[in-house]
There are 2 protein chains.
Amino acid sequence: MDEDTIILQKPLSQLIADQIKARIWNKEIQFGERLLETELAEKYDVSRSTIREAFKIMEIEELVVSQARKGTYVADFTDQDVAEIIELRTLIEASAFMKAIPRLKKKDFQELDKIMEHMKVGADKKDWNELFDLDMKFHSYVVNLCGNSRIIKIYDSLQVQIRTFLMHLDKYYSSHQSFYDEHKELLEALVSTDTETVKERVKNHIEYVEEKLLGVNQENNKLEPEEV
Amino acid sequence: MDEDTIILQKPLSQLIADQIKARIWNKEIQFGERLLETELAEKYDVSRSTIREAFKIMEIEELVVSQARKGTYVADFTDQDVAEIIELRTLIEASAFMKAIPRLKKKDFQELDKIMEHMKVGADKKDWNELFDLDMKFHSYVVNLCGNSRIIKIYDSLQVQIRTFLMHLDKYYSSHQSFYDEHKELLEALVSTDTETVKERVKNHIEYVEEKLLGVNQENNKLEPEEV
DNA sequence: TTAATGATGAATGTCGACAATCGACATAAA
DNA sequence: TTTATGTCGATTGTCGACATTCATCATTAA
C-alpha cells in the first residue's frame, strides 16, 4: 500500500474498492481481467474477506462481474455493452431532464454556468480528463433534480461505466472545442425550458457522444480522427 | 433450518438470501426491520460471513439497505418509494415493450397465450398470489425480448420490489377478473403490433396497477374496495 | 492422434475468533 | 430538570485457517 494513514470511519472495503476502481481507470487493470482475491489481499495487506466485500461493492456499481466458484472479473465493455449502456442512458436522461426542467431555479443555472466556465478552460487546455469530469458534473447536476432517487442511482452507475470505457479509448473522434460547444447548446435548450427542444437536444447530445467520441457508425461520418 | 439437505452447487449465501427474501414476502419480517447478522447466523446455522454475503446479494436487488457500522435494514416502501418505482417501471417497460414488438414471433404469442390461460384459472380461483406470479411472468417475458441485458436486469429488480410491497398490502382495489381483463387487453395490443397502441396500453396498464391495486388517487376513483 | 480419466495445485466458499465501533443507560454537573 | 460524560454490552468490521471446488496437465486407452 502507498500510505497507511489511519483515516477510517469508512470501512476498509470501501477504500479498497475505490483504489481498485482508480486502478481500472488508470488502465493498470484491463477490461475482462480476472481479479484474484488472494493476490489483491496480499497487495493491499488486508484479508480476503475485505477484498471480497470490496468486490461486492464494485459489483453493485457493475464494474465487475462475479460468477460463483468461477471468480470475479473486471467488466468487459464490448460494442454490445456500450450500445446497451448508451440506449439506457438516453432513455433515463431524456426523461430525467424533462422532469428537471420545471424545477430549475436561478441558482441552478448559475451553477451550470460555473461548470461551463470550467469546461471552457478545460477545452483550452485540451484536457480530456478534466472535460469528462465536468461532463459528469453537468449531466448529474440536472439529473439530480428529477426527484427520483432510483433514477439518480441508476444514472450514477451509468456515468461510472461510461467514464470507465471512455478512459480506455486511445483516441476520440471529436475536438475539445466541439465537446464544449455541445454542452453550451444543451444548456441553451435548458434555458428555453421547452420540453421538446430539451428532449431533442439530449438525444442529439448522446448521439454525439456515441458517434464523435466513440467513433461508431463511422461509415456515416466523414470526420478525421483527432489525437488525444 | 427446516432442512439440511446437501444440495449445494449454488453458494450457501445465495440460498440464505432466497430464504430471507421468502420470509419478507411471507410478512414474517416487516419493512424497515433491522436484520442482525448474529441472530440470522444462528437461526440458519451458518457463519456471519455467509449472512453478510447474503445481505450484499439482497442489497443488489435493493431489498435491503445497509449503512456502514449502522446495520442492515429491510427496505421500507414509503409512498414516495412506491411512486418512484412505478415511475421507473413505466419508463423502462414502455420502452422495452416497443423494442420487443418487432421481435415477437409466433411461438412467443403461444407462450403468452399459455400464461393467459393460467391467469384465467387463477382469476377463477381468486388467487392473488398466483395472479401476481403470472403477472411477473407475462411482463418479464415481453421485456426479455428487448435485447438489452441491463434494462432486463433493472426490470427484474423492479419486479421483485413491486411484488414485495404488493404482498404486504392487505387489500386490493381491484377484482381478480378485471386484473385478468387488463392483461388480455395488453396482449391484444401486442398482437396489433402498433407501437403507439402498445405504448398507450402499457402506460394505462401500469396506471391501472397504481390506482386499482394500490388505491392511490382514490379521490378520482369511485370503485368500492374489494377484499382479498 | 484423439478422447477419456485421474491426480495435483490453485482459487473460492465458509468458518470461528478477535478488534473496533456504536447505542443505551447511568451518573454527575449545571 | 436538563445536559454532558463515561461505562458497558451489543453489533459490525476484519482477520487467518480450513474445506470444497475448479482448471490444468499428464497419463492411458481406443
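Just so it is clear: chains get the letters A, B, ... in the order the sequence lines come, proteins before strands, and each one is counted from 1.
Regarding I51(B), its CD1 atom lies at a distance of 14 Å from the C1' atom of dT11(D), rounded to whole Å. Rounded to an integer number of Å, the gap from Y73(A) OH to dA23(D) C1' is 10 Å. Between E39(A) atom CD and dT12(C) atom P the separation is 10 Å, expressed in whole Å. Note: OH (Y44(B)) to C1' (dT14(C)) measures 18 Å, nearest angstrom. As a whole-Å value, the separation of I16(A) CD1 from dC15(D) C1' is 13 Å. Between F55(A) atom CZ and dA11(C) atom P the separation is 12 Å, expressed in whole Å. Atom CG of L12(A) is separated from atom C1' of dA19(C) by 12 Å (rounded to the nearest Å). In this entry the distance linking CD of E37(B) with P of dT14(C) reads 15 Å, nearest Å.
At the phosphate of dT12(D), neither OP1 nor OP2 sits under 4.0 Å from any side-chain N or O atom of T72(B). The phosphate of dA10(D) has neither OP1 nor OP2 within less than 4.0 Å of any side-chain N or O from T38(B). Phosphate contact (OP1/OP2 of dT14(D), side-chain N/O of S47(A), threshold under 4.0 Å): absent. Not one side-chain nitrogen or oxygen of R69(B) sits closer than 4.0 Å to the OP1 or OP2 atom of dA10(D).
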Quick one: side chains of residues 129-140 of chain B, donor-acceptor pairs under 3.5 Å with protein atoms, not counting sequence neighbours, listed by atom name and distance.
{"from": "N129(B)", "atom 1": "OD1", "to": "R163(B)", "atom 2": "NH2", "distance (Å)": "2.4"}
{"from": "E130(B)", "atom 1": "OE1", "to": "K125(B)", "atom 2": "NZ", "distance (Å)": "3.0"}
{"from": "D133(B)", "atom 1": "OD1", "to": "R163(B)", "atom 2": "NH1", "distance (Å)": "2.4"}
{"from": "D135(B)", "atom 1": "OD1", "to": "H139(B)", "atom 2": "NE2", "distance (Å)": "3.1"}
{"from": "D135(B)", "atom 1": "OD1", "to": "H183(B)", "atom 2": "NE2", "distance (Å)": "2.5"}
{"from": "H139(B)", "atom 1": "ND1", "to": "E93(B)", "atom 2": "OE2", "distance (Å)": "2.5"}
{"from": "H139(B)", "atom 1": "NE2", "to": "H183(B)", "atom 2": "NE2", "distance (Å)": "3.3"}
{"from": "H139(B)", "atom 1": "NE2", "to": "H205(B)", "atom 2": "NE2", "distance (Å)": "3.1"}
{"from": "S140(B)", "atom 1": "OG", "to": "M136(B)", "atom 2": "O", "distance (Å)": "3.0"}
{"from": "S140(B)", "atom 1": "OG", "to": "Q159(B)", "atom 2": "NE2", "distance (Å)": "3.1"}

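Between the side chains of S174(A) and Y208(A), a donor-acceptor pair is found at a separation under 3.5 Å. Side-chain contact check for E61(A) and S157(A): no donor-acceptor pair (N or O, by modelled atom type) lies under 3.5 Å.
Take the nearest nucleotide of DNA chain C for R34(B) and for S49(B): the residue whose nucleotide is more 5' is S49(B). Both K70(B) and R48(A) lie close to DNA chain D; mapped to their nearest nucleotides by heavy-atom distance, the more 5′-ward contact belongs to K70(B).
Between W128(B) and F179(B), the ring planes are perpendicular. Angles over 60° get that label, and only those under 30° would be called parallel.
Here the closest non-hydrogen pair linking D127(A) and H176(A) is N-CD2, 3.8 Å.
Residue L35(A) is classed as a sugar-phosphate contact, given heavy-atom separations below 4.0 Å to backbone atoms only.
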